[in-house]
Amino acid sequence: MQSYDDDWTDSQRALYDECYQAGSDWADDPDTSSDDVQHVINLAEADDDAFQDAEIDYPALVDAVTQASGVSVTSVPASHEDPGFRGFTDGVRDATADDTFGL
């Protein structure tokens, strides 16, 4: 289920929406390995404190943010406060069946 922060701007919400759709499409793609899906689900479930202001260069996530924002990026902040990160991980988690990976 899509969820926004109350203080996000319209452009942050649009970035979230596009990354959410990209994450959902990526998780549904039969060419996406289950290990990769599990990795992103683990990121989605992790507490932001575990990331310690890290940047993630996970290719599918970087590609989604680049395409959605129109800006070439090489990494994405690993934070649920970041609309690109949260949109992609929420999309993957929501596209994955509840009985998959112990969800």
Side-chain angles (χ1 to χ4, degrees):
M1 177 162 130
Q2 295 178 334
S3 64
Y4 306 120
D5 279 356
D6 291 336
D7 61 346
W8 279 357
T9 64
D10 287 343
S11 55
Q12 287 173 308
R13 290 171 188 237
L15 177 62
Y16 174 94
D17 288 343
E18 289 191 42
C19 288
Y20 181 96
Q21 187 60 52
S24 179
D25 292 345
W26 177 81
D28 282 340
D29 186 339
D31 291 333
T32 302
S33 79
S34 60
D35 288 341
D36 288 344
V37 172
Q38 181 63 60
H39 176 70
V40 173
I41 289 171
N42 291 343
L43 291 173
E45 299 296 320
D47 187 342
D48 278 348
D49 292 338
F51 297 130
Q52 300 177 357
D53 297 324
E55 294 272 329
I56 293 182
D57 61 357
Y58 194 72
L61 172 60
V62 168
D63 291 348
V65 172
T66 295
Q67 185 173 16
S69 68
V71 176
S72 181
V73 298
T74 57
S75 64
V76 176
S79 169
H80 293 93
E81 300 297 316
D82 181 80
F85 176 85
R86 187 156 102 203
F88 188 81
T89 58
D90 284 357
V92 170
R93 183 175 44 208
D94 290 350
T96 306
D98 286 345
D99 60 345
T100 305
F101 309 116
L103 291 177

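Just so you know, these numbers use all the heavy atoms, side chains as well, and skip hydrogens, waters and symmetry mates.
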Would you indicate whether the side-chain heavy atoms of Val40 and Phe88 approach each other to under 4.5 Å?
yes
Flag yes if Leu15 and Tyr20 sit in one hydrophobic cluster, no otherwise; membership is Ile, Leu, Val, Met, Phe, Trp, Tyr, and two members link when side-chain heavy atoms are under 4.5 Å apart.
no
Heavy atoms of Cys19 and Gly84 approach each other most closely as CB-O, 3.6 Å
Under a 3.5 Å distance rule, please check whether Thr89 uses its side chain to pair with a backbone N or O of Leu43 as donor and acceptor.
no
Go through it in stages, so that I can follow the logic: the residues are Asp17 and Tyr4, the test is side chain to side chain contact (heavy atoms under 4.5 Å, CB included), and I'd like the CA-CA distance, side-chain angles, deciding distance and then a yes or no.
CA-CA 9 Å; Asp17 288 343; Tyr4 306 120; 2.6 Å; yes
Between Asp29 and Asp31, what is the shortest heavy-atom contact and its length?
OD1-N, 2.8 Å
Indicate the atoms forming the closest heavy-atom contact of Phe51 with Ala46, along with that distance.
CZ-CB, 3.6 Å
Between atom CH2 of Trp26 and atom CG of Leu61, what is the distance when rounded to the nearest 0.5 Å?
9.5 Å
Any side-chain donor-acceptor pair under 3.5 Å between Ser79 and Asp82?
no
Any donor-acceptor N or O pair under 3.5 Å, side chains Asp63, Gln67
no
Here the gap from Ser3 atom OG to Tyr16 atom OH, rounded to the nearest 0.5 Å, amounts to 4.0 Å
Considering all heavy atoms of both residues, which atom of Ser72 and which atom of Thr66 are nearest to each other, and what is their separation?
CA-CG2, 3.8 Å
Nearest heavy-atom pair of Val62 and Val73: which atoms, and what distance?
CG1-O, 3.1 Å
How about Asn42 and Gln38: does a side-chain donor come under 3.5 Å of a side-chain acceptor?
yes
Under the side-chain hydrogen bond (donor to acceptor under 3.5 Å, both in side chains) test against Asp5, which residue among Gln12, Arg86, Arg13 passes?
Arg86
Heavy atoms of other groups near Asp7 CG, more than 12 under 6.0 Å
yes
What pair of heavy atoms forms the shortest contact from Trp8 to His80, and how long is it?
CZ2-O, 4.5 Å
Is there a side-chain contact between Thr74 and Asp57 in this structure, where contact means two heavy atoms from C-beta onward sitting under 4.5 Å apart?
no
